[in-house]
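All remarks here apply to the structure that follows.
Along the sequence shown, residues carry numbers from 1.
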Amino acid sequence: MRNTSNAARERLVGSLGSAREWRRLLAWADGLGLALLSIVVACRALDTDGLTPVPQLLAFLPWLLVPAALGLLAALLARWRSGMVWAAVVLAVTGWYVRPYGPPPGGDAEPTGRVAASVRVLTSNIEFGDATADLIATIERENPGLVFIQECDDDCTRALAAEVPDAAYPYREVVAAGGPDGSAILSKYPLRPAPGIDGALAMPGAVALVHDRPVRIQLVHPLPPVPGSVPRWRAELGAVRDYAAGGKDRPTLIAGDFNASQDHAAFRRILDAGRLRDSAALGGAFRAPSWPADWARFGTQIDHVLVSDDFSVRSARFLTLRHTDHRALLVELKLHGG
């Protein structure tokens, strides 16, 4: 009888020891995950993009709520009280930064005065020209006044010349190049030449005369922040920031594939430098993912149309085109003032 009691006690002690060891391992693993999340969230709070892999993870900041919640659950299972507090803080700070950056719709940020013109803008990265056919069909269907095209290769350039009538878009700024290097701006409005932005990929610019009112327009397509290219990505977005800062007192419209979301400091500095607003956030498409298109529900919004406060935003819609990893963005704007 005594031997049986001793055996039962030993099994109980062994199982308790195993449970404690299991909770200890879970807490260690949870701590490693929370440490990585904390670095990313801290960079967001400190207004810096940091080093790889932080810029890549910042693009998907809202989705970090999922591992943060799992971290809280793991801390609960491990009975790790400090871990529970840690995970709760990471969750709260991440949730705070998921909110829109910049002024909300309405209020003092909205332009006043009469409407000088309605302007419809389409921007699309067509991935090495593969989505050219769908892009042309979209242009015919939606009839935008300004079209910004990234990764317009030589075949794309020829197709635009052959299939998009000059009568519809008599004004064009096209940089012909192979692969992802080419870009194009199509316009119903007269265009005056203006310097573009230097970059590895073509970023042409112009001045559009919208009902005789000059509007600075600029296509944006910096290199993506893949490992090894983060400094160049940051420098090219810095050039976009300088362009934005140079036109704070003039109507300005910047559109394209920024390869950056509102959670990147380099992107927010463009908004701040030019007093610009993100039309998707104001037009009902806040946080709607634009890349990768095949996983749109779990992606990030890196395609943007930024406008000065001379414009009000009526609507913003992301459109799916075949054969490209980006969704196109169509916005309807109103240009105010005389």
For side-chain contact (heavy atoms from CB on, under 4.5 Å), just list the numbers for T132 and E163, CA-CA rounded to whole Å, side-chain angles, deciding distance to a tenth of an Å, and then say yes or no.
-> CA-CA 10 Å; T132 299; E163 300 179 39; over 6 Å; no
Any pair counted as disulfide bond (SG atoms under 2.5 Å apart), so long as it reaches residues 132-174, sequence neighbours left out =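 Sorted pair list: C152-C156.
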Do [Y] and [X] meet the salt-bridge criterion of a basic N to acidic O distance under 4.0 Å?
X: R322; Y: D130; result: no
X: E142; Y: R317; result: yes
X: R269; Y: D49; result: no

side-chain contact (heavy atoms from CB on, under 4.5 Å) between Y243 and I254, worked out = CA-CA 10 Å; Y243 172 86; I254 307 176; 3.8 Å; yes
Within a strict 4.5 Å, meaning less than it, do heavy atoms of the S124 and Q150 side chains meet?
->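 Contact flag for S124/Q150 side chains = no.
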Could you verify whether a donor N or O on one side chain and an acceptor N or O on the other, from H336 and S312, lie under 3.5 Å apart?
->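 Yes, S312 and H336 have a side-chain donor paired with an acceptor closer than 3.5 Å.
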Hey, are N125 and E151 close enough side-chain-wise for a donor-acceptor pair under 3.5 Å?
->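 Judged by distance alone, the side chains do pair up.
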Determine all donor-acceptor pairs shorter than 3.5 Å in which one atom belongs to a side chain in residues 222-235; sequence neighbours excluded.
unit_1 : atom_1 : unit_2 : atom_2 : d
R232   : NE     : E236   : OE2    : 3.1
W233   : NE1    : N259   : O      : 3.0
R234   : NH2    : G50    : O      : 2.9

Donor-acceptor pair, H326 side chain versus I302 backbone, under 3.5 Å?
->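 Not a single qualifying donor-acceptor pair exists.
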Checking side-chain contact (heavy atoms from CB on, under 4.5 Å) against S279, which of V121, V331, L253 comes through?
->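 The side-chain contact (heavy atoms from CB on, under 4.5 Å) with S279 is passed solely by V331 among V121, V331, L253.
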Which of parallel (below 30°), tilted (30 to 60°) and perpendicular (above 60°) describes W291 and F60?
->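 Correct class here is tilted.
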Which residue pairs satisfy the side-chain hydrogen bond (donor to acceptor under 3.5 Å, both in side chains) criterion with at least one member in residues 35-47, sequence neighbours excluded?
->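 As it turns out, the side-chain hydrogen bond (donor to acceptor under 3.5 Å, both in side chains) pairs with a partner in residues 35-47, which skip direct neighbours, are S38-W86, D47-R268.
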Can you tell me which residue pairs pass the side-chain hydrogen bond (donor to acceptor under 3.5 Å, both in side chains) test with a partner in residues 92-101, sequence neighbours excluded?
->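 Those involving residues 92-101 are Y101-D272.
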Establish whether L72 and W80 are linked, either directly or via other cluster members, by ILVMFWY side-chain heavy-atom contacts under 4.5 Å.
->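 Looking at the clustering, W80 is in a separate group from L72.
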When clusters are formed by joining ILVMFWY residues with side-chain heavy atoms under 4.5 Å apart, either directly or through shared neighbours, do V90 and L36 land in the same one?
->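 They do share one cluster, since a chain of ILVMFWY contacts under 4.5 Å joins V90 to L36.
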Contacts of type salt bridge (Lys or Arg N to Asp or Glu O under 4.0 Å), residue [X], not counting sequence neighbours:
X: R158; result: D155
X: R314; result: E332
X: D212; result: none

CZ/R141: more than 12 non-hydrogen atoms of other groups inside 6.0 Å =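 Count over threshold, so yes.
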Could you pull out all residues at least two apart from D30 that satisfy side-chain hydrogen bond (donor to acceptor under 3.5 Å, both in side chains)?
->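 If we apply the side-chain hydrogen bond (donor to acceptor under 3.5 Å, both in side chains) test to D30, skipping adjacent residues, there are no hits.
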With sequence neighbours excluded, what pairs up with R216 under the side-chain hydrogen bond (donor to acceptor under 3.5 Å, both in side chains) test?
->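 Testing R216 for side-chain hydrogen bond (donor to acceptor under 3.5 Å, both in side chains), a comparison that skips the adjacent residues, returns T252.
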List, by chain and number, the other hydrophobic cluster members for I126, where Ile, Leu, Val, Met, Phe, Trp and Tyr join if side-chain heavy atoms come within less than 4.5 Å, directly or indirectly.
->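 Same cluster as I126: L122, L135, I136, I139, V147, I149, L160, V164, Y169, L186, L319, L321, L330.
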Heavy-atom pair of closest approach, residues W63 and P67 |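 Minimum heavy-atom contact is O-CD, 3.1 Å.
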Tell me, with the steps shown, if T48 and H264 meet side-chain contact (heavy atoms from CB on, under 4.5 Å).
-> CA-CA 7 Å; T48 179; H264 287 111; over 6 Å; no
Scan residues 141-168 for pairs that pass ring-ring contact (aromatic ring centres under 6.0 Å, His included), counting only residues two or more places apart or in two chains.
->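 Checked against ring-ring contact (aromatic ring centres under 6.0 Å, His included) - neighbours excluded - no pair reaches residues 141-168.
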Just list the side-chain donor-acceptor pairs under 3.5 Å for residues 189-209, sequence neighbours left out, or say none.
none

